[in-house]
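Below is one structure, written out as structure tokens; the observations come after it.
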Amino acid sequence: MGAPLIKICGIATAEALDAAITSQADFVGLVFFPPSPRHVDGHAAAALAARAGSRIRRVGLFVDADDSTMAEGIAAGRLDAVQLHGEETPAHVAQVKARFGLPVWKAIPVSTAADVVRAEDYRGVADLLLFDAKTPKDAALPGGMGLRFDWSLLAAQKGRSGWGLAGGLSPANVAGALHQTAAPLVDTSSGVETAPGNKDPDLIRAFCEAAQGA
Ligand SMILES: O=C(O)c1ccccc1NCC(=O)[C@H](O)[C@H](O)COP(=O)(O)O
């Protein structure tokens, strides 16, 4: 298994961005979703994009956002991809791809095998399927809650490309998750924080080292 791609999601400070860059993560996630403790506005996104330059790719995270919200985030963050983390349909994913001309990642909330089967509706439409733990119906966030799901549900994905694993990943468990799933990409947010929205550079470094060494 080659080294996985690594995304550190919910980057909102220069310190966290610098840690992701020096740890050789492949992507940082910028969250354009006001209820999130990691939310960045256009001004903050632009500052992070200017600091990053070409040193790390940026994925903008949106939840059932309208086109103007996405257009603002894409321009401010100079995004390399968008991640749709709401109830966007395959047709909507195709519309976003056509309108903005960027790779589109679709988050697939998983709690049962049926959720994984349903992801096939997006294959060939989304550029990457991000299998993430489904959050409770009354939860404030559709992701970023440090919840795990049963990784054995992804057994049929092993050896396939175009997908990633998220949900409760941390420096302590990411190597085991990679050995079990052979995920081509791993994504973490809470697992590298000391409190919601408070990214820890040492945890970012530890996560990347554990994933790169798996
Ligand atoms: O990170 C957030 O605050 C967030 C808010 C709303 C929708 C999605 C969100 N995060 C999406 C991600 O890609 C997270 O990295 C993913 O859900 C894993 O989160 P975690 O379990 O905290 O590592």
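Because only heavy atoms are used, hydrogens play no part in the values below, and waters and symmetry mates are left out as well, while side chains stay in. Order of appearance sets the numbers: ligands from 1, and atoms from 1 within every ligand.
Proximity annotation for atom 3 (O) of ligand 1: of Ser36, Gly164, Pro34, Ser36 comes nearest, heavy atoms only. Checking Gly167, Gly143, Ala166 against atom 5 (C) of ligand 1, the nearest heavy atom belongs to Gly143. The closest heavy-atom contact to atom 2 (C) of ligand 1, among the options Arg38, His85, Arg148, comes from Arg38.
Contact atoms of ligand 1 toward Gln83: 11 (C), 12 (C), 13 (O) (distance under 4.0 Å to a heavy atom of the residue). Shown in contact with Ser190 at under 4.0 Å from a heavy atom are these atoms of ligand 1, numbered in order with element: 20 (P), 22 (O), 23 (O). Counting atoms of ligand 1 from 1 in the listed order, those under 4.0 Å from a heavy atom of Thr188 are 15 (O), 23 (O). Atoms of ligand 1 lying under 4.0 Å from at least one heavy atom of Phe33, given by number and element, are 6 (C). Short contacts between ligand 1 and Pro142, defined as distances under 4.0 Å to a heavy atom of the residue, involve ligand atoms 6 (C), 7 (C). Close contacts of ligand 1 with Lys7, meaning ligand atoms under 4.0 Å from a residue heavy atom, involve 13 (O).
Ser189 N, 2.8 Å is the protein heavy atom nearest to atom 23 (O) of ligand 1. Nearest protein heavy-atom neighbour of atom 17 (O) of ligand 1: Asp132 OD2, 2.5 Å. Residue, atom and distance of the protein heavy atom nearest to atom 11 (C) of ligand 1 are Leu61 CD1, 3.1 Å. Atom 12 (C) of ligand 1 has its closest protein heavy atom at Cys9 SG, 3.6 Å. In terms of protein heavy atoms, atom 15 (O) of ligand 1 is closest to Asp187 OD1, 2.8 Å.
One finds no salt bridge joining Arg118 and Asp121 here, because no Lys/Arg side-chain nitrogen approaches an Asp/Glu carboxylate oxygen to under 4.0 Å. A salt bridge does not link Arg57 with Asp80: none of the charged nitrogens is closer than 4.0 Å to a carboxylate oxygen. The pair Lys199-Glu15 does not meet the salt-bridge criterion, since no charged nitrogen lies less than 4.0 angstrom from a carboxylate oxygen. A salt bridge is absent between Asp26 and Lys7: the closest approach of a Lys/Arg side-chain nitrogen to an acidic carboxylate oxygen does not fall below 4.0 angstrom. Under a 4.0 Å N-O distance rule, the pair Asp127/Lys97 qualifies as a salt bridge.
Between Leu169 and ligand 1, no N or O atom pair is found at a separation short of 3.5 Å. Residue Gly144 places at least one N or O, backbone or side chain, under 3.5 Å from an N or O of ligand 1. Between Gly146 and ligand 1, at least one N/O pair is under 3.5 Å apart.
Heavy atoms of Glu193 come nearer than 4.0 angstrom to ligand 1 in no pair at all. Residue contacts with ligand 1: Gly29 is excluded, as none of its non-hydrogen atoms falls under 4.0 Å.
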Q: Let me see the working for Trp105 and Phe27 under ring pair (Phe, Tyr, Trp, His ring centres under 6.0 Å), right down to the final yes or no.
A: CA-CA 12 Å; Trp105 300 11; Phe27 301 92; 5.0 Å; yes
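Between the side chains of Asp115 and Ser111, a donor-acceptor pair is found at a separation under 3.5 Å. Judged purely by distance below 3.5 Å, without hydrogens or angles, the side chains of His92 and Asp64 never pair a donor atom with an acceptor atom.
Contacts between His39 and ligand 1, counted as non-hydrogen atom pairs separated by less than 4.0 Å, are absent for every part of the residue.
Cation-pi geometry between Arg160 and Trp163 is not met: the NZ or CZ atom fails to fall both under 6.0 Å from the ring centre and inside 45° of the normal.
A donor-acceptor pair under 3.5 Å is absent between the side-chain atoms of His39 and the main chain of Phe32, judged by distance alone. Checking side-chain atoms of Thr188 against main-chain N and O of Ser170 turns up no donor-acceptor pair under 3.5 Å.
Within a 6.0 Å radius of CD in Gln24, other residues, nucleotides and ligands contribute 12 heavy atoms or fewer.
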